[in-house]
Amino acid sequence: MARWAIAIHGGAGVDPNLPEHRQEEAKRVLARCLQVGVDALRAGSPALDVVEAVVRELETDPFFNSGRGSALTRRGTVEMEASIMDGRGRRCGAVSGVSTVKNPVSLARLVMDKSPHSYLAFDGAEEFAREQGLETVDNSYFITEDNVGMLKLAKEANSILFDYRIPLTGTDTCSALAGAENHNGMVMNGLPISIYAPETVGCAVVDSNGFCAAATSTGGLMNKMTGRIGDSPLIGSGTYACDVCAVSCTGEGEAIIRSTLARDVAAVMEYKGLALQEAVDYCVKERLDEGFAGLIAVSKGGEVAYGFNCTGMFRGCATEDGFMEVGIWE
């Protein structure tokens, strides 16, 4: 029997001034969702079921940027995306442009299991969800008061806003955003962006049979263009699983797409013979060019690893031998 292991994330790139109570709230959410996965693995659940269950929990909690609490488009709506991959046979499913499906990761699972395709988007994904009887809700369910406020600030700053968890009280937030942008000098595809802290969620698991799986879900960027698709639903970029490892990425989607980051971790393990953490370190340091991102990974041998090249990553992991941790910073 192999050793099971699980890793989860709630996004890479964290505002260094994030208030202590928000940090503690993030850790509580991560710990609760991590425990869901641990309990399932102890009960013998397969990796694919575990990653779906954990990401569903993360989508349901409004703290992170997936499901309820997703970032808003410039039109003030929510367009979500998710993917899931089974290392056994490298089966996969993905969706984009989802606006009424309560748990996009479960729709991605159904695309994999119940359709002849790997990827459905927008109206086609919504129609398939209804055909499969998935729970749907009005788009307003996903929208929170905090996100409405942050979209307003992003529009005023004429910027795509990554860190939309900045407190709305106590400071002149617009001035803070402008100052942060000038200080960081960050760009995406040559265009300026604000503070870097996307909060995509993901999970990577190896079960007691040595089978790997991964899933990733997000609402994307605050004030993003309608129709924008990031790395999270793209197999090989935001999500990848095979018989060697499972990976879920988070961060600057355009950079992750360019580097096919998730697949690269598996590739350097397969072709260069690197161990899991070595592979993660190599890909984060050598394959992201000027982009900023992070990732979590597990190996078929029950190892866990993570890496990021920005300020912090919301994350947690646990292994069969009793190790468990939740963290944000280095």
Taking everything shown except K152 itself, do over 12 heavy atoms lie less than 6.0 Å from its NZ?
no
Residues two or more places apart in sequence or in another chain: which of them pass salt bridge (Lys or Arg N to Asp or Glu O under 4.0 Å) with E270?
R263
Spacing of CZ belonging to R56 relative to SG belonging to C33, to within rounding of 0.5 Å:
12.0 Å
Other than I229, what residues sit in its cluster of Ile, Leu, Val, Met, Phe, Trp and Tyr side chains whose heavy atoms are under 4.5 Å apart, directly or through others?
Y119, F122, L234, I257
Looking only at atom types and distance, does a side-chain atom of S208 sit under 3.5 Å from a main-chain N or O of A2, one as donor and one as acceptor?
no
CG of N65 to OG1 of T250: how many Å apart, nearest 0.5 Å?
8.5 Å
Flag for S217-S66: side-chain donor and acceptor within less than 3.5 Å:
no
Measuring from atom CD1 of I296 to atom CD1 of I8, what distance do you get when rounded to the nearest 0.5 angstrom?
7.5 Å
Could you walk me through whether R68 and E59 pass the salt bridge (Lys or Arg N to Asp or Glu O under 4.0 Å) check?
CA-CA 6 Å; R68 185 164 185 264; E59 288 174 338; over 6 Å; no
Neighbour count above 12 (heavy atom, 6.0 Å) for R90 CZ
no
When you measure from the side chain of N309 to the backbone of G291, do you find a donor-acceptor pair of N or O atoms at a distance under 3.5 Å?
yes
Could you check whether any side-chain heavy atom of E52 comes within less than 4.5 Å of a side-chain heavy atom of S106, counting everything from C-beta outward?
yes
Answer yes or no: is there a donor N or O on one side and an acceptor on the other, between the side chain of E254 and the main chain of G230, under 3.5 Å?
no
Does E126 use its side chain to pair, donor to acceptor, with the backbone of S99 at less than 3.5 Å?
yes
Between E303 and V206, is there a side-chain heavy-atom distance shorter than 4.5 Å?
no
Quick one: does any side-chain atom of R88 pair with a main-chain N or O of D243 as donor and acceptor, under 3.5 Å?
no
Side-chain donor/acceptor of H9 to backbone N/O of C203, under 3.5 Å:
no
Does R22 pair with E25 as a salt bridge, N-O distance under 4.0 Å?
yes
Could you give the distance from CE (M80) to CG (N139), rounded to the nearest 0.5 Å?
7.0 Å
Taken to the nearest 0.5 Å, the spacing of L30 CG from E57 CD works out to 12.5 Å
How long is the straight-line distance from CZ of R315 back to CG of L34, given to the nearest 0.5 Å?
12.5 Å
Look at the side chain of D207 and the backbone N and O of A47, then say whether any donor-acceptor pair between them is shorter than 3.5 Å.
yes
Residue that, paired with W4, satisfies side chain to side chain contact (heavy atoms under 4.5 Å, CB included) out of V50, V38, D321, N209
V38
Indicate yes or no: at least one non-hydrogen side-chain atom of I328 is less than 4.5 angstrom from one of K27.
yes
If you link ILVMFWY side chains whenever their heavy atoms are less than 4.5 Å apart, which other residues fall into the same cluster as F211? By chain and number, please.
none
For Y271, the other hydrophobic cluster members (4.5 Å side-chain criterion, sorted by chain and number) are none
Between K224 and E79, is the side chain to side chain contact (heavy atoms under 4.5 Å, CB included) condition met? List the steps.
CA-CA 10 Å; K224 67 182 179 180; E79 290 182 356; 4.0 Å; yes
Is there a donor-acceptor contact under 3.5 Å from the side chain of S259 to the main chain of A255?
yes
Side-chain donor-acceptor pair present, T100, T136, cut-off under 3.5 Å:
no
Would the distance check show the side chain of N103 and the main-chain N or O of V105 forming a donor-acceptor pair, the cut-off being under 3.5 Å?
no
Do N223 and L72 make a side-chain contact, defined as non-hydrogen atoms from C-beta onward lying under 4.5 Å apart?
no
Could I get the full list of salt bridge (Lys or Arg N to Asp or Glu O under 4.0 Å) partners for D49, not counting sequence neighbours?
R109
Note, L276 side chain near C245 side chain (heavy atom, < 4.5 Å)
yes
Are a donor atom and an acceptor atom from the side chains of T216 and S248 found within less than 3.5 Å of each other?
yes
Beyond-backbone contact of D231 with C249, side-chain heavy atoms, under 4.5 angstrom
yes
A side-chain contact here means heavy atoms from C-beta on lying under 4.5 Å apart; do F64 and V29 qualify?
yes
Please identify each residue that fulfils salt bridge (Lys or Arg N to Asp or Glu O under 4.0 Å) with E135, with sequence neighbours left out.
K102
Evaluate E290 against R258 for salt bridge (Lys or Arg N to Asp or Glu O under 4.0 Å), listing each step before the verdict.
CA-CA 11 Å; E290 297 180 354; R258 293 195 303 270; over 6 Å; no
Taking C-beta and beyond as the side chain, do F308 and V14 meet within less than 4.5 Å on heavy atoms?
no
